[in-house]
Student: 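Dumping the structure here so I can ask a few things about it.
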There are 2 protein chains.
Amino acid sequence: MITIKDIAKEIGISYTTVSRALNGKSGVSPKTVKKVLKEAEKMGYQPNAIARGLVKKYTNTVGLVIADITNPYYPSIARGVEDAARKIGYNVFLCNTNYDKDNEKSYLKTLQEQRVDGIIIHPAKDDLPSIYDLQTPMILINRPSHGGKTSTIEVDNERGGFLATEHLIQSGYKRISFIGGDVVSYSNNKRLEGYKQALMKYNQLIDESMIVHGSFKTKSGYTIMEKMLKLENPPDAVFAGNDVIALGVLHCAQDYGLNMPDAFGVVGFDNVQFSELPQIQLTTIDQPKYYIGKLAFEMLIEEIRNKEERIIKKIVLEPELIIRKTTQKR
Amino acid sequence: MITIKDIAKEIGISYTTVSRALNGKSGVSPKTVKKVLKEAEKMGYQPNAIARGLVKKYTNTVGLVIADITNPYYPSIARGVEDAARKIGYNVFLCNTNYDKDNEKSYLKTLQEQRVDGIIIHPAKDDLPSIYDLQTPMILINRPSHGGKTSTIEVDNERGGFLATEHLIQSGYKRISFIGGDVVSYSNNKRLEGYKQALMKYNQLIDESMIVHGSFKTKSGYTIMEKMLKLENPPDAVFAGNDVIALGVLHCAQDYGLNMPDAFGVVGFDNVQFSELPQIQLTTIDQPKYYIGKLAFEMLIEEIRNKEERIIKKIVLEPELIIRKTTQKR
DNA sequence: ATGAAAGCGCTAACAC
DNA sequence: GTGTTAGCGCTTTCAT
């Protein structure tokens with residue numbers, strides 16, 4: 001690996017001058033600049049961001065920690081932050097925790113050790129361990145502020161849950177179940193909260209046997225649905241914690257020959273890519289995923305740039321009900 | 001940010017000793033080690049990987065460059081390399097090029113500047129520009145070796161294309177179209193090659209009007225399919241360049257009321273998650289994505305560890321035909 | 001306009 | 001068992 005010293009030696013000047021020339025700083029004659037640039041090109045010089053980072057104290061790199069890269073929800077967010085980052089010359093370190101608290105911890109640690117300039121995190125679980133007390137600027141997605149010290153961006157999950165459930169009620173379904181993901185997921189519980197509110201608003205009983213938590217996986221949705229079907233009084237509609245779960249519910253309902261959407265309705269959450277497939281046409285709650293990612297990055301950059309007088313922000317985005325074919329029209 | 005010097009000062013020893021203690025090296029009294037560890041914990045010390053990387057010359061980090069994080073094919077690969085990497089304490093820098101040559105170039109450059117220990121890349125396009133002449137160890141996925149100097153891992157795309165097309169022929173379809181992705185994609189063209197071979201083997205004419213390239217997007221599949229349907233002699237089956245394209249073809253066929261699979265058949269490639277959905281049940285060619293990622297990382301590590309006497313390898317994996325419901329049973 | 005020198009945080013020789 | 005020192009590749013004063 002060739003360094004600025006090598007190229008300095010080659011053209012017989014000090015490496016300080018080479019550094020200045022390479023960085024387009026003033027105080028170097030145009031002639032020298034040209035010579036340096038040419039030589040650097042010729043020798044195949046690759047700047048060492050490590051060495052630079054050591055002295056400059058920033059790396060132009062941010063970390064993005066997500067739970068599940070195979071759930072299309074997260075890639076959409078990732079695309080948003082990536083695009084925004086690239087636009088101003090930042091790189092993003094994408095970390096996939098696979099819903100595992102330990103992985104998350106380990107990534108957070110590494111990210112800090114690598115001295116990323118900031119971290120955007122969409123935590124898997126609700127409880128934020130002490131590792132979240134980081135010096136590095138941090139933005140939380142779809143999670144409450146960590147001790148009021150971090151800015152957050154979220155969709156109004158409660159409102160989304162309300163919208164979904166209300167739609168089911170208004171569509172005439174009588175026994176609406178909530179099949180959620182992780183019990184300790186903040187967004188999951190907010191959605192459940194919305195579900196309960198809708199039920200209450202329309203004077204329906206909240207039947208705890210109709211509320212089940214599993215994991216944010218299609219398989220979980222299927223399994224839980226199958227169990228519910230064996231109840232003496234099974235649901236005639238399901239509000240699923242997210243689209244991935246909804247997919248499993250759909251699958252199960254189909255396997256058991258339920259007549260959709262007339263006799264059985266399903267609403268998801270996220271409005272993930274596959275939901276709009278003609279074969280699926282899942283009614284769901286949309287959240288502006290790409291935009292959330294973009295905004296999260298912009299908030300992060302702001303924090304990075306104003307490290308001293310940072311202002312804790314909380315952005316809440318409005319969810320939107322997308323009616324498709326897994327619920328009946330009124 | 002506190003450093004080893006801070007903690008050395010705090011307990012009145014040299015920072016070298018602190019370093020040794022922190023790294024579990026021999027030659028430090030257990031008592032001192034304990035003291036150091038305790039103080040480090042107390043002061044919230046975070047090792048600086050940047051500084052370490054500068055002297056140690058490696059970063060325990062690799063880059064993974066892919067084209068499209070929203071195509072489920074790539075996340076599967078990413079999971080494979082991530083898991084393998086984490087197992088031995090490596091981090092992976094996931095870079096999404098969005099099929100853009102410039103982005104790819106820029107990421108490759110940054111990755112090298114960050115001094116990642118190695119790079120795994122699934123290039124978007126066929127031509128590998130000079131930027132690929134990197135000092136950093138590199139593994140290519142589903143692409144030919146770069147000047148015989150890089151190890152590669154790929155599925156036998158040609159064979160896959162053959163399998164897909166042969167299945168269509170044997171299922172009785174008479175006019176089989178190939179709707180591909182990017183014209184300059186290596187894997188795409190290999191698949192096309194296999195398509196042609198199958199046609200030839202079964203003494204069918206290769207009709208160039210039945211071969212169309214677009215992009216690896218659902219929308220592209222839809223648009224192209226729509227055009228083909230307007231031909232005076234439209235296809236009665238399609239071998240799509242990948243599952244994402246196949247999805248668009250499927251959608252279009254449905255919109256136009258084609259009777260599937262009896263009057264119209266579709267085969268994809270990749271066996272991506274959604275292909276097995278009961279609502280989709282796409283016949284496709286499976287490639288062991290997770291395993292490819294895992295293997296790619298293992299190859300990379302080998303190269304990193306034996307930088308001097310590296311052996312250029314080429315691993316070719318067998319694809320598998322998965323018959324589902326978008327083609328008729330014979 | 002250019003160079004010398006210090007120093008970023010750390011590891012690794014080399015003393016003692 | 002512990003400390004001293006050099007140096008990784010770079011940027012940044014401070015001189016000249």
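Here the structure is a predicted model, which means the values were calculated and not measured.
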Student: Pick base, sugar-phosphate or nothing for A:Thr32, based on heavy-atom distances below 4.0 Å to the nucleic acid.
Tutor: sugar-phosphate

Student: Salt bridge between B:Asp83 and B:Lys87, side-chain N to carboxylate O under 4.0 Å?
Tutor: no

Student: Base contacts versus sugar-phosphate-only contacts with protein, heavy atoms under 4.0 Å: please encode nucleotides 6-16 of chain D as B, S and - from 5' to 3'.
Tutor: B-BBBBB----

Student: Please answer whether the main-chain N or O of B:Arg115 pairs with a side-chain N or O of B:Thr59 as donor and acceptor at a distance below 3.5 Å.
Tutor: yes

Student: Kindly assign one of parallel, tilted or perpendicular to the pair A:His122 and A:Tyr73, based on the angle between their ring planes and the thresholds 30° and 60°.
Tutor: perpendicular

Student: So does A:Ser29 get a side-chain nitrogen or oxygen closer than 4.0 Å to the phosphate oxygens (OP1/OP2) of C:dT2?
Tutor: yes

Student: Rounded to whole Å, please give me the gap between CD1 in B:Ile13 and P in D:dT4.
Tutor: 12 Å

Student: With a 4.0 Å limit, can you tell me whether B:Ser14 has a side-chain N or O closer than that to the phosphate oxygens OP1/OP2 of D:dT4?
Tutor: no

Student: Among pairs that include at least one residue of residues 55-65 of chain B, which meet salt bridge (charged side-chain N to carboxylate O under 4.0 Å, His left out), considering only residues two or more places apart or in two chains?
Tutor: none

Student: How about A:Val81 and A:Lys294: do any of their side-chain heavy atoms sit closer than 4.5 Å?
Tutor: no

Student: Do the side chains of B:Lys35 and B:Glu39 get close enough for a salt bridge, i.e. N-O under 4.0 angstrom?
Tutor: no

